[in-house]
Structures are given as structure tokens and as C-alpha cells.
Amino acid sequence: MSDKIKTGVFVGSFNPFTIGHDSIVRRALPLFDRLVIGVVGDNVHKPDMPSAEERIKAIRELYADLKQIEVKCYNGLAMDFAKAENAHYIIKGVRSVSDFEYEQRQADFNRRIGGIETILLYTEPELASISSSALRELQHFGVDVSPYLPKKQKI
């Protein structure tokens, strides 16, 4: 048995971090000794996005009691972030066929170029319609999206 720490990274813009993201984190957690949530730094393609610091702070508060979870900012390629964190795995959530096709292409590049494996976790059926972009649109029109945002849970 290896004494090497198994590290996975879960990356995204997380704008906002939803109950779907939380589900992926909690389901991936038993697979790793250390799980790093990589929050994409400020993105010029999404100028209205809250700062990376704001998004990181909210996610850190959510998982403050789980010592195997770290939350960090990253810029650039997910595979480079994974390497910097000594991770051999990137965790991604998949809601639909189009998600799968996109993630399959990304996984191929991550493996071929970076030597990083991608683990796809399928979204729980009741969460399949939840996406950050849908929540942002609902918020824009004044809809309360709090039921779709995770609450801090006791361990």
C-alpha cells in the first residue's frame, strides 16, 4: 500500500456554488485523502462575476469543518493546477449528454498532455436542472435562489 496522499481537484468558476456542486464534492470526498476545490480566477469573459476572493471565502466557510478540503484560486489550465497540487485526478460533474461530450474531450487532453485522469460523477437526477448560469438568470429577475445554494452542514 502506498503512503502517498491521494489528491483530487474539483475545478470551476462556481458562480454561484450550487447544491449540485456540493453534491459532487461530498460524493468525491471518500475517494481522496485531500480534495482541492479550484476556483477560476477573475474571468475577462464574465466581467460581472464576483471576485475569486468572494467565491473562495463562501466555499471555505461551507467546508470549514472538513480538514481534507482546501479551496484555492487558480488561473490557466486545470491540468496545470492539478499538477501544482500534486493531484493525479480532476473531478467533474456531468448533468447531460452535452456535458459528457465536452468533458470527454477535456479529459482526453488532460490525460494526453498532462497525464491527469478525469473522474466523471453523474449528477443526482433531482439536481440535473440546476446550473450556475440558470441561477444567475433567475437572480437577475428577482427570484430567490437560496433553496439551490448549499447550507453549512454539521459533520
Side-chain angles (χ1 to χ4, degrees), residues 6-43 45-52 54-66 68-74 76-79 81-82 85 87-112 114 116-155:
K6 284 189 298 188
T7 300
V9 296
F10 179 46
V11 295
S13 58
F14 305 124
N15 178 32
F17 192 84
T18 71
I19 58 176
H21 296 129
D22 180 61
S23 169
I24 297 297
V25 167
R26 293 188 183 277
R27 291 167 47 219
L29 206 52
L31 303 173
F32 300 99
D33 302 310
R34 177 174 169 253
L35 182 62
V36 182
I37 299 173
V39 177
V40 173
D42 297 334
N43 187 331
H45 299 293
K46 299 178 182 179
D48 295 335
M49 184 164 35
S51 73
E54 291 174 82
R55 290 174 284 135
I56 289 168
K57 181 177 184 257
I59 298 168
R60 278 186 180 149
E61 287 173 5
L62 185 64
Y63 298 114
D65 298 333
L66 296 172
Q68 75 193 94
I69 295 179
E70 298 174 32
V71 185
K72 298 182 176 185
C73 182
Y74 85 96
L77 297 173
M79 73 175 104
F81 177 67
E85 293 299 323
H88 293 87
Y89 304 95
I90 295 173
I91 298 98
K92 300 295 286 198
V94 176
R95 292 175 301 212
S96 65
V97 171
S98 60
D99 281 358
F100 175 82
E101 289 173 345
Y102 175 80
E103 296 302 345
Q104 182 181 32
R105 286 189 296 275
Q106 295 300 311
D108 187 43
F109 284 117
N110 291 337
R111 186 178 50 260
R112 285 178 189 231
I116 306 291
E117 288 293 336
T118 301
I119 296 174
L120 300 179
L121 293 177
Y122 293 99
T123 302
E124 296 175 86
E126 66 274 15
L127 303 177
S129 65
I130 298 170
S131 71
S132 294
S133 56
L135 295 188
R136 286 193 309 274
E137 185 173 350
L138 291 169
Q139 281 179 313
H140 174 79
F141 290 103
V143 175
D144 175 19
V145 298
S146 62
Y148 306 103
L149 304 176
K151 313 284 186 284
K152 187 169 172 100
Q153 298 176 10
K154 298 209 183 245
I155 306 177

*Go through the structure and list residues passing salt bridge (charged side-chain N to carboxylate O under 4.0 Å, His left out) with Arg112, not counting sequence neighbours.*
Asp108

*Considering the options Ile130, Thr18, Leu135, which one meets the side-chain contact (heavy atoms from CB on, under 4.5 Å) requirement together with Val145?*
Leu135

*Does the Arg111 side chain pair with the main chain of Thr118, one donor and one acceptor, at a distance under 3.5 Å?*
no

*asked:* Once ring-ring contact (aromatic ring centres under 6.0 Å, His included) is applied, what residue pairs with a partner in residues 119-147 remain, sequence neighbours excluded?
replied: none

*Partners meeting side chain to side chain donor-acceptor pair (under 3.5 Å) with Glu54 (sequence neighbours left out)*: Ser51

*What are the two closest heavy atoms between Pro150 and Phe17, and how far apart are they?*
CD-O, 3.3 Å

*Looking only at heavy atoms, what is the nearest atom pair of Leu35 and Ala28, with distance?*
CD2-CB, 4.4 Å

*asked:* Check whether Arg55 reaches the backbone of Phe14 with its side chain - one donor and one acceptor, N or O, closer than 3.5 Å.
replied: no

*Residues two or more places apart in sequence or in another chain: which of them pass side-chain contact (heavy atoms from CB on, under 4.5 Å) with Val143?*
Leu138

*Thr123: what forms a side chain to side chain donor-acceptor pair (under 3.5 Å) with it, not counting sequence neighbours?*
none

*Residues in side-chain contact (heavy atoms from CB on, under 4.5 Å) contact with Ala87, at least two apart in sequence or another chain*: Thr7, Val9, Ala82

*asked:* Please determine whether side chain to side chain contact (heavy atoms under 4.5 Å, CB included) holds for the pair Arg27 and Glu124, giving the CA-CA distance in whole Å, both sets of side-chain angles, and the decisive distance to 0.1 Å.
replied: CA-CA 10 Å; Arg27 291 167 47 219; Glu124 296 175 86; 3.8 Å; yes

*Listed partners of Glu126 passing salt bridge (charged side-chain N to carboxylate O under 4.0 Å, His left out), at least two apart*: none

*asked:* If the condition is salt bridge (charged side-chain N to carboxylate O under 4.0 Å, His left out), which residues does Lys6 pass it with, not counting sequence neighbours?
replied: none

*Look at atom OH of Tyr148 and say whether more than 12 heavy atoms of other residues, nucleotides or ligands are closer to it than 6.0 Å.*
no

_Glu103 CD to Arg95 CZ distance, which is reported to the nearest 0.5 Å_ = 9.5 Å

_Does this structure show an ion pair linking Arg105 with Glu101, if we count only N-O contacts that are shorter than 4.0 Å?_
no

*Minimum heavy-atom distance His21-Ser132, with the two atoms named*: CE1-OG, 3.3 Å

*asked:* Quick one, Ile37 and Tyr63 - any side-chain contact, counting heavy atoms below 4.5 Å?
replied: yes

*Who passes side chain to side chain donor-acceptor pair (under 3.5 Å) against Ser131, sequence neighbours left out?*
Ser133

*Might you point out which heavy atoms bring Pro16 and Arg136 nearest each other, and give the distance in Å?*
CD-CG, 4.1 Å

_Interatomic distance, Ile91 atom CD1 to Leu121 atom CG [nearest 0.5 angstrom]_ = 7.5 Å

*asked:* Can you give me the closest heavy-atom contact between Leu127 and Ser23, atom names plus distance?
replied: CD1-CB, 3.7 Å

*According to the salt bridge (charged side-chain N to carboxylate O under 4.0 Å, His left out) rule, which pairs have a member within residues 28-37, sequence neighbours left out?*
Arg34-Glu70, Arg34-Glu85

_Results of ring-ring contact (aromatic ring centres under 6.0 Å, His included) for Tyr89 - residues two or more places apart only_ = Phe32

_Among residues at least two apart in sequence or on other chains, which ones pass side chain to side chain donor-acceptor pair (under 3.5 Å) with Ser129?_
none

*For the residue pair Val71 and Arg60, what are the closest heavy atoms and their distance?*
O-NH2, 2.7 Å

*Of Ile59, Val11, Asn15, the residue whose pairing with Val39 passes side-chain contact (heavy atoms from CB on, under 4.5 Å)*: Ile59

_Heavy-atom neighbours of Gln139 CD exceed 12 at 6.0 Å_ = yes

*Roughly how far, to the nearest 0.5 Å, is the CD1 atom of Ile116 from the NE2 atom of His88?*
6.5 Å

*So how far is it from Ile90 CD1 to Asn110 CG, rounded to the nearest 0.5 Å?*
4.0 Å

